[in-house]
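Sequence lines set the chain letters: A, B, ... in the order given, protein chains first and strands last, and positions in each chain run from 1.
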Protein chains: 2
Amino acid sequence: MVRDKEETKRKLLAAAVQEFAEHGIAGARVDRIAKNAGANKAMIYAYFCSKEGLFDEVLKQQVDAAIEAVPITADDLAGYAGRLFDRYVEHPEVLRLAAWHRLENGFDAIPEAEAKAYVHKVAAIAEAQEKGELPQHFDPEELLSLVVHLSILGFSSPVASRDLVVRSVDQLLRSR
Amino acid sequence: MVRDKEETKRKLLAAAVQEFAEHGIAGARVDRIAKNAGANKAMIYAYFCSKEGLFDEVLKQQVDAAIEAVPITADDLAGYAGRLFDRYVEHPEVLRLAAWHRLENGFDAIPEAEAKAYVHKVAAIAEAQEKGELPQHFDPEELLSLVVHLSILGFSSPVASRDLVVRSVDQLLRSR
DNA sequence: CGCTCCTAACTAACTGGTTGGTTACAAAAC
DNA sequence: GTTTTGTAACCAACCAGTTAGTTAGGAGCG
């Protein structure tokens, strides 16, 4: 038997991602996470304090990874929306985790990394507008909200495709 | 003491709407619903079979009410989006209930009333396109998805306003 | 290298409170 | 007096979290 704290934490986190994404916080079962990780339940409390502590860590890691994986391209918001769409298709867990989190904890309590990335993205859009790379008929915050929201269209409608997401962002950016 | 089956069912349903909207299916507590309804827990099982049965009835009623309250105006989709937005601000429960339901039951299992209303709305949009009241650069299904999705923008972004929803639908419909 | 000792990592079993659901009984309504 | 509506107490299963005890494996030492 190999004893490795970091490895055990990793396996617990990996199992927790699946469990929480599928069942949410209230629906997740601590015993199931431990079993699927091939670890002992007590380790969860040793390493993450509580079920909620484990969820917080899971969400943080997933949000960080998603933010890093899809950097904004302010001069090509349609492409950015498409890449977000792709990311969510490949890693639907992060969207589900965020949705559970918002439903269970209200609209406040946004992960810190998300808030920080938000500021940066708004600034990038504002700059692109000044350079004339983007139209001005939406504020930077508005544009970011619209693009991000449209990129998750596929999780609200079954008929939505990547192409539709890109085309609609494109249409939003057309000059008037 | 007054005994009235329908009245008791009504009070149970009203309490269940709040409980399920706030906590979801897994997080909702049957005892709390009964207590808040001023009724006995056993009545839930007499009238709705199970916790899930109660949830299904709650969701059905809320979806029916929302569909009836906001009829589509295919020749004015921006106005339609605005009215949907208003409805969700006034009755956020239905959106939360639907969100819990989708997370817990997957993307299938859409309430029947919703599927039926969907067909009707797509047809109305197609007709408006034929009449030239709507542009043709999106399919009817696509347009409906976009409008409905944009109307819930406020629940994905804190900076979204009614005005933003209306303006973005308007921009989507501009001729190219 | 072989041995002991120590500690961090791990485990199995348990606990106390909770939960969805049931049942035996009571009383209102007709 | 019979049927419908309601109640209180109950139950077995479940669940997050704890604890007392076990073991792997490295450090120190000869």
Identify the pairs formed between an N or O of the protein and an N or O of nucleotides 2-5 of chain D at a distance under 3.5 Å, and give each distance.
unit_1: dT5(D); atom_1: O2; unit_2: Arg3(B); atom_2: NH1; d: 2.1
unit_1: dT5(D); atom_1: O2; unit_2: Arg3(B); atom_2: NH2; d: 3.4

Beyond-backbone contact of Leu150(B) with Leu146(A), side-chain heavy atoms, under 4.5 angstrom: yes
query: Between Val2(A) and Glu7(A), is a side chain to side chain contact (heavy atoms under 4.5 Å, CB included) present by the stated rule, with each step listed?
result: CA-CA 10 Å; Val2(A) 190; Glu7(A) 173 69 6; over 6 Å; no
- prompt: Counting distance only, does the side-chain N/O of Gln129(A) pair as donor-acceptor with the main-chain N or O of Pro135(A) below 3.5 Å?
  reply: yes
Lys131(A) side chain near Glu127(A) side chain, heavy-atom distance below 4.5 Å: yes
Atom-to-atom span, NZ of Lys11(B) to P of dT7(D) - whole angstrom: 8 Å
message: Can you build the contact string for nucleotides 19-25 of chain C? Use B for base contact, S for sugar-phosphate-only contact, and - for no protein heavy atom under 4.0 Å.
response: SBBBB--
task: May I ask you to decide if Tyr47(A)'s main-chain N or O and Lys5(A)'s side chain share a donor-acceptor pair within less than 3.5 Å?
output: no
query: Under 3.5 Å, is there a donor-acceptor pair between the side chain of Asp139(A) and the main chain of Glu141(A)?
result: no
query: Any Lys/Arg nitrogen of Asp56(A) or Lys60(A) sitting under 4.0 Å from an Asp/Glu carboxylate oxygen of the other?
result: no
- request: Strictly below 4.0 Å, heavy-atom distances to any atom of DNA chain D: list the hits from residues 12-22 of chain B, or just say none.
  value: none
- prompt: Relative to each other, are the rings of His101(B) and Phe55(B) parallel, tilted or perpendicular (30° and 60° limits)?
  reply: parallel
task: Report yes or no: does His137(B) contribute a side-chain atom to a donor-acceptor pair with the main-chain N or O of Leu172(B) at less than 3.5 Å?
output: yes
- prompt: Would you call Glu93(A) and Phe20(A) a side-chain contact if the rule is heavy atoms closer than 4.5 Å?
  reply: no
